Each structure stands twice: as C-alpha cells, then as structure tokens.
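Everything on this sheet refers to the single structure shown next.
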Amino acid sequence: MKSVRPETLAAQALHAIDPATGAIAPPIVLSTTFARDESYQPLGGMVYARDESPAPKAAEGVLAALEGGAAALIFSSGMAAATTAIRALLRPGDHVVAPRACYFGVRTWLSAFCARWGVALDLVDMADTDAVRGAVRAGQTKLVWAETPANPTWELTDLAAVADIAHAAGARLGVDSTVGTPVHTRPLALGADLVMHSATKYLAGHSDVLAGALVTAKADEWWTEIARLRHDEGAVLGPVEAFLLLRGMRTLFVRVERQSRTAHALAVRLAALPGVTVRYPGLPSHPQHALAQRQMTGGFGGMLSIHTGGGAERALAVANRTRVWVRATSLGGVESLIEHRVTAEGAATVAPPDLLRLSVGLEHVDDLFEDLRAALESP
Ligand SMILES: *Cc1c(COP(=O)(O)O)cnc(C)c1O
C-alpha cells in the first residue's frame, strides 16, 4: 500500500484483511503449531508459536510501521522486552549509562544484572546532556538507556543529542518510549537504535493486557541476538493478548490525543491551586519545556505528577479522598489512576514523598479536576 499517515495505518491495522474469510478484524488463531505440505514446507510460512504466530506478527507489523523501524518484536511484558534487549547487548566488562530517574522495575533489575555480570553501570541525570557526555567511556560503553518523559517526574532526554554522544563512543541508544508513545515521540527518527514499550500501557490502552515491544532501526547483530533470545527463552505474547493489543492500537491516536489534552488542562488548573506544584512537560514551568516543544509532537502526554506539600502523609490523605480517580499502579488506560509512588516503590525509591503520579484517562476533565480539587482542599 502507498505510504499513509500513522493515524491511518493504526486505525486500519495496516489494512489487514484475512485472505481466507475476508474478515476485517483478524481471526484469533490459537494453534501452537502449523502444518507442512508434501514437500515438508510450512503451508503458511509459520512453524511453531514460540517463533511466530499470526496475531503477534500482525501487531509487530503495525508497531514497526508506527515507529518507522525496520522490524518489531512483541513480548509477554514490557520488562521481558527491556531485559531481553539489554541482555542481548551487554557482556562482562562493558559499561552502560542509564537514567537515575526512570521506571522503577528497569532501574532495580539493571542494577542487579550489572552487579552480577560484571557490567559497569552509571546512573546519571539524563535531563543533563553534559552528564551523559561525561559518563560515556569511548569503546567501553555499549549501551545508553533513556526514558522520555521519565517516571515519575517527567524529565525529558534530548534524544538527538544523546544519540550523537552514544554513537561517538561506539555505544547504542535504547529508549523506553512507553510514556512518549508513537503519537508524541519518534525516537528512531531522532537517532535512537532501539525503542522499547510497555505495551501494557498506552499501546493496548485498556488495562487488560500485559505486553511489551521492541522496535529496531536496523536489522543488525543486536536485533538478531534479541530475536534469538525471545525464541530460545519463549517470552512471547499469547494470541488472545496479541489480538487485544492489535485492537487497542487501532484507537491509539484518539485515546492518546484526548488523554494529553485533558492532562494539559488539568496541569494548568492544578498549578493554579494554592500549595500545589505540578510536573508536566507541557507547562512553561517545566525546566525542559523548550525541549518538549521541540522533541514531542502533537501534545505532551497523558502523565503528570503533583506535589501536595506536607510529606507522604498528606499525599496519601489526598489520594485516599479521591472518588473519581482510582488508586492503583500502572498507566495509559482509559480510566484515570492516582498513585503514591513512594508507597509503591518502597525503601529503594528516589521519588519525592509528597508526589502523586496521575495517569489521565478518558473521563471528563471537569470530573477529574473537581475530584482532585476537593481532595486537595479538604482539611
Ligand atoms: C510499566 C512500565 C514498564 C514495565 O512494563 P510491564 O509491561 O509492566 O512489564 C517499563 N517502563 C515503563 C515506562 C513502564 O511504565
């Protein structure tokens, strides 16, 4: 098909029509194994579901196109995707640069992995491009890992600048773009080598699928090793989950555009309340607002955080008073979630104690605002 815009290919799931039935929603193929013909060639090209099966393959095609990558692989979770990518690249003696502030699960896993396997790790402030430049070691740094906007304070990484720094040192740049989504951030176009998503979040979008994804700029040696690990270890997505992911991606743009618009409006209105500080890349008060305007397209995302003041106790009291916002972890679903990150992360947290993380869903902006304002203003 002629090249169309991302909104079009997402909505049509690459115009996938089942050749056997004409179905415009793909059939769910549960078969784990696929027959061969008389000359022992696979009838439909597929052999076994740990290699590939129709629904995950279809989701991979859509995501590769959305990110502008050479290929994509879908995994059983975001963590399976991230850990596979990182393990595929690093060997004992290598060095990796990663963000101090990022998704908690990635940071704790990476720290333990590097300690066990003799990989040197520098956790740096990725918002500070000079800090990244100072941390890379030419020839020894194999990976720079970034997350933008980054949990739970929504700092940005200047991807074009960090890609140049990584490549000059002989390293690769991998980007956790879960929060950026293909709607707002295009890491591969900015020079990244690999994009990772927790597809559990915005891509699937309905808090009912656990999934992960990797998209590569080039089908290179790193990618071959990633594919080998997924095949050998089996962290694949089942067909029903892959179907739900594929369905979710069809509405990615309308969901994320609305979520971003609501998040932006909430950020402005919450920032006007006395004693409340808001962290959101779309606000001029965000220290990297200029970078956000340059690097993000069509909005600033559906995630923001507020500081309630008064420490963890007050933050928890505010969260406990909300009626519209649901107290739960995760993000990117159609329902808005509020979370006290210090409670969620425990002792190893770097989150400020009075911070509440907000994942904005598809509810009416006034309901979300009034609920939070009442919770904040209640004595
Ligand atoms: C949720 C999340 C992950 C982990 O993904 P799972 O699907 O929960 O394994 C990684 N990075 C970010 C930014 C996330 O939000």
Side-chain angles (χ1 to χ4, degrees), residues 56 59 63 67 72-87 98-113 123 126-127 143 145-157 159 174-185 187 192 194-215 230 233-238 241-242 244-245 248-249 252 255-256 259 263 279 281 296 300-305 328-333 335-339 341 344-345 349-351 355 357-361:
L63 192 58
E67 290 287 5
L73 285 170
I74 302 290
F75 291 77
S76 52
S77 72
M79 285 304 294
T83 58
T84 301
I86 294 169
R87 283 185 300 125
R100 194 174 298 140
C102 69
Y103 182 74
F104 184 68
V106 171
R107 196 182 71 234
T108 48
W109 175 84
L110 185 62
S111 300
F113 170 82
L123 296 175
M126 280 275 167
L143 174 68
W145 187 259
E147 179 181 321
T148 183
N151 264 286
T153 44
W154 320 118
E155 277 125 26
L156 270 69
T157 300
L159 292 179
V175 179
D176 183 339
S177 197
T178 299
V179 171
T181 80
V183 178
H184 295 315
T185 309
L194 189 84
V195 177
M196 174 244 145
H197 286 280
S198 168
T200 311
K201 315 296 169 51
Y202 289 102
L203 295 181
H206 295 73
S207 307
D208 54 10
V209 182
L210 194 69
L214 298 174
V215 189
R230 193 190 70 162
E233 298 176 343
V236 293
L237 196 66
E241 287 84 354
L244 288 170
L245 170 58
M249 285 195 292
L252 177 71
R255 281 186 288 106
V256 171
Q259 285 164 314
R279 292 179 185 254
M296 299 183 79
F300 301 97
M303 296 300 298
L304 67 154
S305 292
T329 194
S330 198
L331 56 100
E335 60 291 297
S336 293
L337 305 180
I338 186 167
E339 188 183 40
R341 284 304 298 169
E345 295 181 9
T349 187
V350 294
L355 179 141
R357 189 180 79 175
L358 306 177
S359 171
V360 175

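These numbers come from a predicted model, not from an experiment. Order of listing sets the numbers, starting from 1, for every ligand and every atom in it.
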We want to know whether [X] and [Y] form a side-chain donor-acceptor pair, criterion being a heavy-atom distance below 3.5 angstrom.
X      : Y      : result
Arg357 : Asn151 : yes
Trp154 : Ser305 : yes
Glu335 : Ser207 : yes

Q: Answer yes when Arg87 and Glu233 have at least one side-chain N-carboxylate O distance shorter than 4.0 Å, and no when they do not.
A: yes
Between ligand 1 and the protein, tabulate every N or O atom pair separated by less than 3.5 Å, reporting distance only.
unit_1	atom_1	unit_2	atom_2	d
ligand 1	5 (O)	Ser198	OG	3.0
ligand 1	7 (O)	Gly78	N	2.9
ligand 1	7 (O)	Ser198	OG	2.8
ligand 1	7 (O)	Thr200	OG1	2.7
ligand 1	9 (O)	Gly78	N	3.1
ligand 1	9 (O)	Met79	N	2.8
ligand 1	11 (N)	Asp176	OD2	2.7
ligand 1	15 (O)	Lys201	NZ	2.7

Q | Trace of the side-chain contact (heavy atoms from CB on, under 4.5 Å) decision for Thr148 with Met126 | A | CA-CA 9 Å; Thr148 183; Met126 280 275 167; over 6 Å; no
Q: Answer whether the closest heavy-atom distance between the side chains of Leu355 and Thr153 falls below 4.5 Å.
A: yes
